[in-house]
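Just so we're on the same page: letters track the sequence lines, and every chain starts at 1. These values consider heavy atoms only, across backbone and side chains, with no hydrogens, waters or symmetry-generated copies.
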Amino acid sequence: MRLTQTLIPTLREAPQDAEIPSHKLMMRAGLIMKLGGGLYTFLPAGLKALRKVERIVREEMDRAGALEVLMPALQPREIWEKSGRYAVLKESMFKVKDRQQRDMVLGPTHEEVITDLVSRLISSYRQLPKTFYQIQTKFRDEIRPRFGLMRAKEFSMKDAYSFDVSWEAADISYQAMYDAYVRIFKRCGLRTKVVEADTGAMGGNFSHEFMVLAESGEDGIVECEACSYAANLERAERKAPVPKASSTDQPPTVVATPGQRTIEEVSSFLKLKPWDLIKTLIYLADGNPIAVLVAGHRDLNEHKLARILGGVSLEMADDQTIAKVTGAPVGFAGPVGLKIPIYADVELQTPRIMATGANSADSHLINVMIERDFQVTSFHDLVIAKEGDKCPRCSIRMREKRGIEVGHVFKLGTKYSQAFDAGFLDDKGTRQISIMGCYGIGVTRTLQAIIEQSFDEDGIIWPMAIAPYQVSVVVPNTGHAESVRVAEELIRDLEAKGIEVLFDDRDERPGVKFKDADLMGLPIRAVISERSLAEGKVEVKRRTEKDKQMVSVTDTVSVIQSIIQGELA
RNA sequence: CGGGGUGUAGCGCAGCCUGGUAGCGCGCCAGCCUUGGGCGUUGGAAGUCGUGGGUUCAAAUCCCACCGCCCCGACCA
């Protein structure tokens with residue numbers, strides 16, 4: 001392809017609204033163009049790269065035995081009511097009406113559609129197991145789209161759904177997808193970290209996320225420095241330290257703490273460490289107030305709390321409720337005397353002398369001892385794990401990282417198959433419900449994550465498997481007819497071998513072409529000039545390397561071919 | 001949704017405080033020159049100054065409202 005015939009509008013400067021390296025580079029390299037917040041057009045080169053990701057995904061899904069289908073993005077509201085997710089997800093779904101004023105949504109995901117489909121088409125255990133997948137555009141009304149394709153309102157996703165006759169069989173389907181994901185990301189040139197994850201709005205009981213480690217990642221994760229334990233912060237457990245027990249004969253004593261509301265304020269006012277304070281949070285669980293206690297230096301993990309309480313809707317109590325429950329304005333809540341259920345983090349289980357809010361304005365209690373002065377309903381691991389916490393498996397130190405979630409595999413169970421009565425007759429003629437799994441890859445996000453993980457100060461460094469073109473041919477002086485003639489011949493030979501070549505045939509200064517070649521990041525660059533031809537050579541350089549090699553004109557095709565094969569192997 | 005920022009040519013920005021002719025760099029078009037790391041030069045095209053309203057003889061500039069975009073947050077006890 002000639003550069004003058006396609007459209008790759010490279011930019012010298014990054015548009016001001018791009019923040020992270022991969023977003024800036026996608027814009028600068030002319031891969032995408034913004035239409036509005038979270039909405040992007042794929043330009044020719046960007047689309048070529050995207051198609052390569054899709055192709056790898058497709059090949060590995062097919063290899064894993066999954067069946068490709070294509071479901072509607074436009075869906076009737078009813079199926080979302082049926083699964084009960086309309087209420088859960090309605091804020092994040094785009095809702096439209098047809099001309100009959102029927103409510104429709106633009107699908108953010110497809111559990112409902114596929115389960116409805118399977119409930120109609122599968123009736124016997126002989127038809128199972130089945131895994132279906134599609135690569136399709138998803139719509140989500142994100143609270144805050146950002147970072148280009150990383151979090152967009154409209155994006156391409158590969159979603160897959162497995163149906164099995166039993167939990168054991170479902171584990172096999174899950175593992176097959178897991179293994180396929182490992183291969184997909186490896187082929188995309190990505191280094192990923194697999195972590196245990198929270199299932200969130202998807203439901204189900206177990207999931208793994210595939211994370212691309214990156215500073216700009218939106219997810220926090222912890223990983224053990226010794227064993228293989230790694231988890232999303234939303235789920236990560238920690239082995240709680242057992243503090244030294246202490247006790248006092250002094251009863252809880254009220255001290256005035258005018259205007260001191262936050263842990264930082266109170267601890268410095270009382271000359272205590274945050275660790276010596278009990279943080280008391282008031283929540284509404286399905287509308288009923290509960291208290292949650294964590295040590296002052298810790299933050300509550302709402303996901304853990306929600307899981308322990310078992311599927312209730314959870315929200316922080318508003319100021320009025322807090323005032324009603326505690327008898328004090330916000331900032332002075334404490335567990336002593338509370339008449340509501342109290343859940344506490346395990347780190348508080350060892351009785352020791354602590355301080356907490358006094359449930360009355362501008363005052364706190366000191367000399368408070370758990371169990372002696374108040375009773376806890378139950379203890380759980382309730383806090384967000386952090387750097388330095390002990391691994392729940394092996395007790396060794398964990399460290400914190402950030403990651404981009406590019407894939408997520410779930411064991412779903414029967415949440416949807418139950419709702420849609422997606423079942424089958426077993427060999428005894430008994431009606432059973434299918435066990436489901438679901439599996440997603442953010443295709444557009446994966447593309448950008450590849451760049452986020454592979455660039456330098458000059459631009460993108462594409463992996464061979466994803467690069468829009470494998471070879472960039474540069475003729476520094478297009479006024480030199482012989483250079484152009486040799487270049488065109490080389491390109492013809494390369495293309496005859498199925499190699500994709502981008503020929504920079506612009507009448508530009510050499511510097512411009514070299515800068516753009518680096519920016520676009522094609523893996524191999526071939527330069528043909530009067531200078532190189534004087535020796536009968538072509539200069540071949542890999543984007544990943546500083547040094548160039550001089551190759552005789554006749555050997556160039558085979559040299560390039562072997563570089564490509566070597567890297568794709 | 002809350003807070004902050006921002007909106008002037010395709011991109012990056014100045015001008016606004018102190019109202020009076022809309023400007024710079026890159027890019028684009030035509031020519032000359034040059035040809036191994038964003039070269040030089042001459043000429044040129046291109047902007048409802050986000051939108052609407054108000055103040056004023058006069059508004060990019062001052063005031064009000066709305067909209068878009070970006071960032072932070074959506075756990076405060």
Side-chain angles (χ1 to χ4, degrees), chain A residues 7 9-20 23-24 27-28 30 33-39 91-92 141-148 151 216 218 257 259-267 274 277-283 291-294 296 298-306 314-319 321-323 325-326 328-335 338 355-359 361-364 382-384 458-459 474-480 483-484 504 506-519 525 527-534 539 541 548:
Chain A
L7 182 64
T10 54
L11 299 173
R12 189 185 296 243
E13 292 166 290
Q16 181 248 336
D17 55 13
E19 187 74 8
I20 63 173
H23 185 197
K24 287 181 178 163
M27 303 290 294
R28 285 194 56 210
M33 182 87 184
K34 182 162 90 172
L35 175 65
L39 302 171
E91 292 304 310
S92 57
D141 193 359
E142 293 286 345
I143 295 176
R144 182 147 88 90
R146 58 177 145 183
F147 302 151
R151 184 166 296 281
S216 60
E218 292 189 274
T257 51
Q260 312 295 306
R261 292 161 184 272
T262 67
I263 289 291
E264 290 68 34
E265 289 165 358
V266 174
S267 61
L277 267 51
I278 298 171
K279 196 191 278 187
T280 307
L281 304 121
I282 309 298
Y283 271 83
V292 186
L293 311 183
V294 301
R298 282 299 193 161
D299 292 313
L300 172 69
N301 185 331
E302 282 190 2
H303 298 93
K304 288 184 181 178
L305 180 61
L314 201 61
E315 56 177 336
M316 293 210 71
D318 54 277
D319 293 4
T321 306
I322 291 173
V325 170
T326 67
V330 172
F332 303 98
L338 281 188
T356 188
N359 294 330
D362 295 327
S363 48
H364 280 73
L382 284 177
V383 303
I384 300 173
D458 294 318
V474 174
V475 172
N477 179 6
T478 40
H480 188 245
S483 299
V484 174
D504 191 343
R506 293 176 299 176
D507 181 19
E508 281 288 354
R509 302 275 308 176
V512 174
K513 298 185 185 183
F514 290 131
K515 286 285 181 192
D516 271 350
D518 288 342
L519 176 60
R525 189 186 77 189
V527 180
I528 298 146
S529 65
E530 187 166 10
R531 213 164 76 183
S532 71
L533 288 180
E539 170 194 311
K541 180 184 167 298
K548 26 198 158 200

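At a threshold of 4.0 angstrom between heavy atoms, the contacts of A:G357 with the nucleic acid are absent. When heavy atoms are screened at a 4.0 angstrom cut-off, A:I263 is found touching the sugar-phosphate backbone but no base atom. Nucleic acid contact class of A:R28 (heavy atoms, under 4.0 Å, all strands): base. Among the protein residues, A:K548 comes within range of the nucleic acid bases, having at least one heavy atom under 4.0 Å from a base atom.
Distances shown here put every side-chain N or O of A:R146 at or beyond 4.0 Å from the OP1 or OP2 atom of B:rC69. Distances shorter than 4.0 Å separate none of the side-chain N or O atoms of A:K279 from OP1 or OP2 on B:rC75.
Where A:V330 and A:V527 meet RNA chain B, the nucleotide closest to each residue was compared, and A:V527 sits on the side nearer the 5' end.
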For A:H480 and A:V475, run side chain to side chain contact (heavy atoms under 4.5 Å, CB included): C-alpha distance rounded to whole Å, both residues' side-chain angles, the deciding distance at 0.1 Å, then the answer. CA-CA 9 Å; A:H480 188 245; A:V475 172; 5.8 Å; no
Between the protein and nucleotides 2-10 of chain B, list every N/O to N/O distance that falls short of 3.5 Å.
none

Quick test: give all pairs of protein nitrogen or oxygen and nucleotides 32-35 of chain B nitrogen or oxygen below 3.5 Å, distance rounded to 0.1 Å.
residue, atom, partner, partner atom, Å
B:rU34, O2', A:R509, NH1, 3.1
B:rU34, O2, A:R509, NH1, 2.9
B:rU35, O2', A:N477, ND2, 3.3

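Every residue two or more places apart in sequence or in another chain that forms a side chain to side chain contact (heavy atoms under 4.5 Å, CB included) with A:R28 is listed here: A:L11, A:A14, A:L519.
Computed from coordinates, the A:E13 CD to B:rC11 P distance equals 12 Å when rounded to whole Å. Protein atom CG of A:D17 is 13 Å distant from nucleotide atom P of B:rC72, rounded to whole Å. Nucleotide B:rG37 holds its P atom 14 Å from the NZ atom of A:K541, rounded to whole Å.
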